Amino acid sequence: MKRRTTAATDTALGLTARRGPLAVLARTALYALLVLVFAGPLLALLAGSFSKVTDPTALTLLPTRPTLENFRAAFDRDVLRYLANSLIVVGGGLLLQIAVSVSAAYAIARRRFPGARLVLLLILGTMMLPEEVLAVPLSMVLSDLGLIGTLAGMILPVGAWAFSILVMAEFMKEIPVELEEAARLDGAGDLRIFWSVVLPLCRPALGVIGIFGFTMIWDQYLLPMLVATDARQFTLPLALRTLRSDEEVGIGVLLASALLALLPSVLAFLAMQRQFMRGLTSGAVKG
């Protein structure tokens, strides 16, 4: 009886240990439901982008009357310009964010200085503040610096992110200090140790903060709205709002633009998924 009970609870629903056509049918129905819930909206987006959609309530999972007209209409409305702006912002912002994160994390993880706990507390405090609270003071600072109406005004504010700093700091704390001491005995300086010893060992963590940082910057909506003074400075997420409010734009054009906004995030994940998975699992295999 004990053996049977243990086998029946191998999974959350106890379906793995069961046999017979009814169990197979139940598993198939469950998996189909999960696929429909999680993949259904993406399939509808993909199908609607390549279909001539006239009724927004008639979206399907398969393209009907396939066409590229939606993308042509989207390009005519400067979607490529908005896409290029988004790529510039996310490229510059992510590079700056990674540089700031690894530098700050190394100081937190390896240096002892007065007020270290206060600095860490302030970094944590920035995660508690919603963007709406920071909108007014941020816009005033950017205006004083003359960054309103420039892409640099969208890049600099995302150059430091508490999440990335904390992830890198916790990962660096797990790197054995003996490795740095051995390099120092060989005559390496602090910068050499950081660049040649510590940073290569942090590749999994770099993959994690790279993907999360890319997604955070790419999805920015409030910041571009505060900085942009002209439609030519819009990023793609901000431009989607403009397209949605345009009565002349059909639902198919909007879906095609949304698909273009989704593709960079997917490509970024595919490019960094190995380091990302290593970063997520590294903590589980330590110790």
Side-chain angles (χ1 to χ4, degrees), residues 87-129 138 141 145 147 151-218 220 223 264-265 267-287:
L87 292 175
I88 293 173
V89 171
V90 76
L94 187 58
L95 289 177
L96 181 60
Q97 187 179 110
I98 291 177
V100 171
S101 298
V102 297
S103 302
Y106 186 68
I108 294 174
R110 286 292 190 261
R111 293 290 180 264
R112 298 293 180 266
F113 54 90
R117 291 189 176 182
L118 178 60
V119 171
L120 185 60
L121 182 62
L122 292 175
I123 293 175
L124 285 172
T126 61
M127 300 180 66
M128 311 299 175
L129 298 176
L138 179 60
V141 171
L145 294 176
L147 296 177
L151 294 182
M154 305 179 195
I155 294 175
L156 290 180
V158 298
W161 190 25
F163 173 82
S164 297
I165 295 175
L166 294 176
V167 169
M168 290 300 304
E170 292 301 318
F171 195 90
M172 287 182 180
K173 289 179 181 179
E174 300 295 333
I175 298 176
V177 182
E178 292 77 11
L179 295 176
E180 298 181 42
E181 294 175 349
R184 191 168 283 109
L185 290 175
D186 290 337
D190 290 340
L191 183 60
R192 182 70 175 179
I193 292 173
F194 171 73
W195 184 261
S196 301
V197 177
V198 177
L199 205 56
L201 295 176
C202 293
R203 289 180 182 176
L206 290 173
V208 173
I209 68 171
I211 289 180
F212 279 104
F214 185 99
T215 304
M216 184 275 285
I217 299 173
W218 185 264
Q220 283 292 320
L223 179 59
S265 297
L267 295 177
F269 176 77
L270 293 177
M272 294 184 286
Q273 63 173 332
R274 179 176 300 177
Q275 299 298 333
F276 178 74
M277 297 306 299
R278 287 179 57 190
L280 291 182
T281 58
S282 61
V285 300
K286 289 184 181 295

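Here the structure is a predicted model, which means the values were calculated and not measured.
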Next item on the list: Give every residue pair that meets the salt bridge (Lys or Arg N to Asp or Glu O under 4.0 Å) criterion with at least one member in residues 158-170, sequence neighbours excluded.
Entry: Glu170-Lys173
Check: If we only count heavy atoms from C-beta on, is the Leu223 to Pro157 side-chain gap below 4.5 Å?
Finding: yes
Notebook entry, point to check: Are Ile175 and Cys202 side-chain neighbours, meaning at least one heavy-atom pair lies under 4.5 Å?
Noted result: yes
Check: Which heavy atom in Ser196 sits nearest to a heavy atom in Pro200, and how many Å separate them?
Finding: O-CG, 3.4 Å
Checklist line | Beyond-backbone contact of Ser265 with Phe214, side-chain heavy atoms, under 4.5 angstrom | finding: yes
Notebook entry, point to check: Can you name the closest pair of heavy atoms from Asp190 and Tyr106 and give their distance?
Noted result: O-OH, 4.5 Å
Item checked: Stepwise side chain to side chain contact (heavy atoms under 4.5 Å, CB included) check, Val158 with Val89 -> CA-CA 9 Å; Val158 298; Val89 171; 5.5 Å; no
Item checked: Straight-line distance of Leu94 CG to Met216 CE, nearest 0.5 Å -> 9.0 Å
Item checked: Smallest separation among heavy atoms of Ala169 and Ala105, with atom names -> N-CB, 3.3 Å
Notebook entry, point to check: So do the side chains of Leu156 and Leu145 get within less than 4.5 Å of each other, counting heavy atoms only?
Noted result: no
Notebook entry, point to check: Can you tell if the side chain of Met168 reaches within under 4.5 Å of the side chain of Ile98, non-hydrogen atoms only?
Noted result: no
Checklist line | Minimum-distance pair of heavy atoms, taken over all atoms of Ala107 and Phe113 | finding: O-CE2, 3.8 Å
Notebook entry, point to check: For the atom pair CE (Met127) and CH2 (Trp161), what is the distance rounded to the nearest 0.5 Å?
Noted result: 7.5 Å
Checklist line | Atom CZ of Arg184: over 12 foreign heavy atoms under 6.0 Å | finding: yes
Next item on the list: Any chance you could measure Ile165, atom CD1, to Thr126, atom OG1, to the nearest 0.5 Å?
Entry: 7.5 Å
Next item on the list: Looking only at non-hydrogen atoms, find the nearest pair between Met272 and Ile211 and report the distance.
Entry: CE-CG1, 3.6 Å
Item checked: Candidate list Ile209, Ile108, Leu120, test side-chain contact (heavy atoms from CB on, under 4.5 Å), partner Leu166, passing option -> Leu120
Notebook entry, point to check: Of Trp218, Phe269, Phe163, which is the lone residue that meets ring-ring contact (aromatic ring centres under 6.0 Å, His included) with Phe212?
Noted result: Phe163
Check: What pair of heavy atoms forms the shortest contact from Ile193 to Ala183, and how long is it?
Finding: CG1-CB, 3.9 Å
Check: Is the shortest heavy-atom distance from the side chain of Val100 to the side chain of Gln97 under 4.5 Å?
Finding: no
Item checked: Side-chain (Arg192) to main-chain (Gly187) donor-acceptor, under 3.5 angstrom -> no
Check: What do you reckon, is CZ of Arg203 surrounded by more than 12 foreign heavy atoms closer than 6.0 Å?
Finding: no
